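Right, one structure below, let's go through it.
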Amino acid sequence: MSWYRQHPRVLPWKSTKDPYIIWLSEIILQQTRVAQGTPYFLAFTKAFPSVHDLANAPQDEVMRLWEGLGYYSRARNLHTAAKYISRELDGVFPDTYQTILKLKGVGPYTAAAIASFAYDLPHAVVDGNVYRVLSRYFGIETPIDTSTGKKTFAELADQILDREDPASYNQAIMNFGSMQCVPKNPDCGKCPLQSACRAFEMQKVTQLPIKSKKIKRKDRYFYFLLCFNEAGEIAINRRGAGDIWQGLYQFPLFELEQAMNLEDIVETLKLPKELEVLSISKTYKQILTHQTIYARFIEVEQKQKSPEILSSDAVWKLPSALVDIAFPKVVNRFIEDRFDAAGYSPGLF
DNA sequence: AAATCGGGGAG
DNA sequence: CTCCCAGATTT
């Protein structure tokens, strides 16, 4: 905390005790760097000053504001919890750790953060920064991504929590982890904890914390159908549950097990005769945590009316309206290339 | 307990 | 490329 007083960090959500604002910031910052999340925080607080504003917003509007931030279940759960607080709790934010924990999308970390920052309750946060600081300082080699590890670090964090000022303490240890005890090449020479740091003593700083699991990524090949009708509108649909990007929109999608050339694609997809293939885009690559997406966009034109050729849930939008709809990043990259550079008429690459 | 869910920035 | 980020939920 002494170090923290000398290394303050001005952040837009630190100047309030409003639990709604704090909750909003914490959800946005889950697995997200401060620099990446800050613009989203500003956009959300401007669009939805109160929990009622958020609760009463259409889902598509919430998703649109979240567009590009990733982990979209956060946005859906945020909206669900806002409606719960607004309608079931009369807009009164829950004020105990256990009741905060009941909110959709709020786990142990976020409940502790809200409880301490908004209500000064003695609950220790354990985020990626805290795992790193504690594992190094105490020289703990228990993997942090196991149930045993989570329990160990949660108990330790609770033991060393400053119960007189849990809000400042939580803020301090997270800041210390993000600024001094950084993941790579920490400058231990200017660390105030060096003399008591077990990892420094054992020369294991770079090895801690330990993670046991390694992620494996699988390749997926997406072929989106860019289908115009006679009015110059494009078919889109909303992605459902059970896969990535739930709640976002896309062009009608055909997925293949492996990459194919244009002729084989047309053959394999068995496109209806009413559709004439105009062109196919380059491959857009998007790396996610557990998969790599290779996306191509096949531009087709409807030669005659055939409403049911695409999925029945398709809706038609003018290209100029796409900017107000939430798409995955890889789709937006194509949209920018296709419509901002080449214009809005079909077939013109 | 393990798998899954995005996107970006640092090294 | 790999790793990690103010983690949570589902399987």
Side-chain angles (χ1 to χ4, degrees), chain A residues 9 11-14 22-41 63 66-78 80-81 100-117 123-133 143-151 153-154 157 167 169-179 181-186 206-218 220 239 241-248 285-293 326-333:
Chain A
R9 197 174 178 185
L11 298 169
W13 47 87
K14 301 314 298 184
I22 293 170
W23 167 59
L24 203 46
S25 73
E26 292 300 343
I27 300 297
I28 288 173
L29 290 171
Q30 286 170 4
Q31 290 292 285
T32 303
R33 294 174 183 281
V34 167
Q36 187 187 4
T38 298
Y40 288 84
F41 171 80
M63 299 309 292
W66 201 273
E67 181 185 38
L69 193 57
Y71 284 162
Y72 296 93
S73 63
R74 290 184 292 169
R76 300 194 305 271
N77 291 333
L78 184 79
T80 299
I100 295 169
L101 191 58
K102 284 182 165 51
L103 299 175
K104 283 290 185 193
V106 172
Y109 163 78
T110 305
I114 298 172
S116 62
F117 295 147
H123 294 274
V125 296
V126 184
D127 72 335
N129 295 306
V130 176
Y131 278 123
R132 191 167 54 254
V133 173
I144 62 173
D145 56 350
T146 61
S147 52
T148 305
K150 288 183 173 70
K151 189 166 180 289
F153 283 96
Y169 170 83
N170 280 336
Q171 189 57 49
I173 191 169
M174 286 195 289
N175 263 23
F176 185 77
S178 68
M179 297 170 67
C181 196
V182 294
K184 292 178 181 177
N185 306 319
T206 57
Q207 303 170 36
L208 295 173
I210 292 175
K211 289 187 178 179
S212 62
K213 305 181 182 74
K214 35 193 168 287
I215 61 143
K216 45 181 179 283
R217 220 173 251 134
K218 89 172 199 179
R220 298 178 71 180
R239 291 181 62 83
D243 201 354
I244 56 174
W245 300 330
Q246 181 186 341
L248 298 193
K285 182 181 178 183
Q286 175 77 33
I287 300 174
L288 308 180
T289 303
H290 290 91
Q291 45 194 295
T292 301
I293 307 296
F327 291 103
K329 205 71 179 178
V330 69
V331 176
N332 264 331
R333 282 199 283 137

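What you are looking at is a predicted structure, and each value in this text was computed from that prediction instead of being measured. Sequence lines set the chain letters: A, B, ... in the order given, protein chains first and strands last, and positions in each chain run from 1.
A gap of 15 Å separates the C1' atoms of C:dC3 and B:dG6, to the nearest Å. Nucleotides B:dG11 and C:dA6 are separated by 22 Å at their C1' atoms, to the nearest Å. Here, B:dG8 and C:dA8 have their P atoms 22 Å apart, quoted to the whole Å. Rounded to whole Å, the separation between the C1' atoms of B:dC5 and C:dC4 comes to 16 Å.
Atom NE2 of A:His290 and atom P of B:dA2 are 13 Å apart (whole Å). The nearest whole Å value for the distance from the CG atom in A:Asp243 to the C1' atom in B:dT4 is 10 Å. In this structure, CG of A:Asp145 is placed 9 Å from P of B:dA2, rounded to the nearest angstrom. Whole-Å rounding puts the A:Lys214 NZ to B:dT4 C1' distance at 18 Å. Rounded to an integer number of Å, the gap from A:Lys218 NZ to B:dT4 P is 8 Å. As a whole-Å value, the separation of A:Trp245 CH2 from B:dT4 P is 16 Å. Atom CG in A:Asn77 sits about 11 Å away from atom C1' in B:dC5, given to the nearest Å. Rounded to whole Å, atom P of B:dC5 lies 11 Å from atom CD of A:Gln246.
Among the atoms of the strands shown, only primed sugar atoms or phosphate atoms (P, OP1, OP2) are found under 4.0 Å from some heavy atom of A:Gln291. Among the atoms of the strands shown, none is found under 4.0 Å from any heavy atom of A:Arg76. Residue contacts shown for A:Thr110 are limited to sugar-phosphate atoms, with no base heavy atom under 4.0 Å away. A:Ile114 comes within 4.0 angstrom of no nucleic acid atom, judged by non-hydrogen atoms across all strands. Within 4.0 Å (heavy atoms only), A:Lys285 reaches sugar-phosphate atoms of the nucleic acid but no base atom. In this structure, A:Trp66 reaches neither bases nor backbone, as no heavy-atom distance under 4.0 Å exists between it and the strands shown. Among the protein residues, A:Val106 comes within range of the sugar-phosphate backbone only, with heavy atoms under 4.0 Å from sugar or phosphate atoms but none that close to a base. Nucleic acid contact for A:Thr289: base, since at least one base atom lies under 4.0 Å from a heavy atom of the residue.
The CG atom of A:Leu69 lies 13.5 Å from the CZ atom of A:Phe41; values are rounded to the nearest 0.5 Å. Rounded to the nearest 0.5 angstrom, A:Thr38 OG1 and A:Trp13 CH2 are separated by 3.5 Å. Between the OG atom of A:Ser73 and the CD1 atom of A:Ile244 there is a distance of 13.0 Å, given to the nearest 0.5 Å.
Ranked by how close their nearest DNA chain C nucleotide is to the 5' end, A:Gly105 and A:Asp127 are led by A:Asp127. The residue among A:Thr148 and A:Leu69 whose nearest nucleotide of DNA chain B is located toward the 5' end is A:Thr148. Both A:Ile215 and A:Val330 sit near DNA chain B, but only A:Ile215 has its closest nucleotide nearer the 5' end.
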- Item | Test log, rule side-chain contact (heavy atoms from CB on, under 4.5 Å), inputs A:Gln286 and A:Arg333 | CA-CA 10 Å; A:Gln286 175 77 33; A:Arg333 282 199 283 137; 3.6 Å; yes

- Task: Show your reasoning for whether side-chain contact (heavy atoms from CB on, under 4.5 Å) applies to A:Leu78 and A:Thr80.
- Result: CA-CA 5 Å; A:Leu78 184 79; A:Thr80 299; over 6 Å; no

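Side-chain atoms of A:Gln30 and A:Tyr109 form no donor-acceptor pair, as typed in the model, at a separation below 3.5 Å. Checking A:Gln171 against A:Lys14 by side-chain atom types alone, a donor-acceptor pair falls below 3.5 Å.
Under a 3.5 Å cut-off, the side chain of A:Lys213 and the backbone N or O of A:Asp145 do form a donor-acceptor pair. The backbone N or O of A:Lys150 lies less than 3.5 Å from no partner atom in the side chain of A:Tyr131, so there is not a single donor-acceptor pair.
Of all heavy-atom pairs spanning A:Met63 and A:Gln246, the tightest one is CE-O, 3.9 Å. When all heavy atoms of A:Gly68 and A:Gln36 are compared, the pair lying nearest together is O-NE2, 4.2 Å.
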Listing time: all N or O pairs from protein to nucleotides 8-11 of chain B that are below 3.5 Å?
from: B:dG8; atom 1: OP1; to: A:Lys329; atom 2: NZ; distance (Å): 3.0
from: B:dG8; atom 1: N2; to: A:Arg33; atom 2: NE; distance (Å): 3.3

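First and last contacts of DNA chain C with chain A, using any nucleotide atom under 4.0 Å from a protein heavy atom and ordered 5' to 3', fall at C:dC1 to C:dT9.
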